[in-house]
Amino acid sequence: MAETEKKVVATEAAEKKPAAKKTAAKKTTTAKKPAAKKAEGEKAPAKKAASKKAAAAATVTVKLVRSLSGRSEKQIATALSLGLKKIGDVTVQPDNAQTNGKIAKISHMVAVTKA
């Protein structure tokens, strides 16, 4: 019985050690830094205005110049996902990897301009 008691004590001690490490880690990550004080009359930084301008600049204008008739279902679905239903339709899309992939799939049917 002495051996089993030693094993139980050893497993309990092993279980307690990782728990102590977790609580120590939580204390360091949850500690908040004091907020910087603003001088009177000082305005908040204009980060939102800059991000809106960046978002507006990162757009692509896509125009459907070839017909969807006779195209595969995937190509038609891609054009519809870009908001293009008939010849001459123009949409403004964000310039990101997803949009660039869609444009690449139907590049022979659309005209693209950076806006």
Side-chain angles (χ1 to χ4, degrees):
M1 289 240 275
E3 290 178 21
T4 56
E5 290 176 7
K6 288 180 183 177
K7 289 181 182 178
V8 169
V9 171
T11 55
E12 288 176 359
E15 289 176 359
K16 289 180 183 178
K17 288 181 183 177
K21 289 180 182 177
K22 288 181 184 177
T23 56
K26 286 183 183 178
K27 288 179 184 176
T28 58
T29 57
T30 57
K32 293 183 180 180
K33 295 180 182 178
K37 294 182 180 179
K38 296 180 186 177
E40 289 184 28
E42 185 179 331
K43 293 184 178 180
K47 291 181 182 178
K48 291 183 180 179
S51 65
K52 287 181 182 178
K53 289 179 183 178
T59 58
V60 176
T61 303
V62 184
K63 180 178 181 180
L64 188 65
V65 294
R66 302 285 304 245
S67 175
L68 295 176
S69 67
R71 306 294 177 186
S72 69
E73 289 182 24
K74 287 184 179 182
Q75 290 175 337
I76 294 170
T78 302
L80 292 175
S81 71
L82 288 170
L84 306 171
K85 297 178 184 177
K86 55 185 178 179
I87 296 175
D89 282 353
V90 178
T91 61
V92 177
Q93 299 290 329
D95 189 14
N96 57 26
Q98 292 175 340
T99 304
N100 291 334
K102 291 175 185 180
I103 292 169
K105 292 249 183 202
I106 59 169
S107 62
H108 57 286
M109 297 189 305
V110 296
V112 181
T113 56
K114 301 273 183 183

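- Between Thr61 and the choices Val90, Val112, Thr91, the side chain to side chain contact (heavy atoms under 4.5 Å, CB included) rule is met once, by Val90.
- Proximity of Asp89 to Lys63: side-chain heavy atoms (C-beta onward) are nowhere separated by under 4.5 Å.
- Judged as a side-chain hydrogen bond (donor to acceptor under 3.5 Å, both in side chains), and not counting sequence neighbours, Ser107 has no contacts.
- Both Leu80 and Ile106 are part of a single hydrophobic cluster, where members link through side-chain heavy atoms under 4.5 Å apart.
- The main-chain N or O of Lys74 is found under 3.5 Å from a side-chain atom of Thr78 such that the two form a donor-acceptor pair.
- Side-chain contact between Arg71 and Arg66 is present, with at least one heavy-atom pair separated by less than 4.5 Å.
- Contact detail for Met109 and Leu64: the closest heavy-atom pair is O-CD1, 3.5 Å.
- Contact detail for Thr99 and Gln93: the closest heavy-atom pair is CG2-CB, 3.6 Å.
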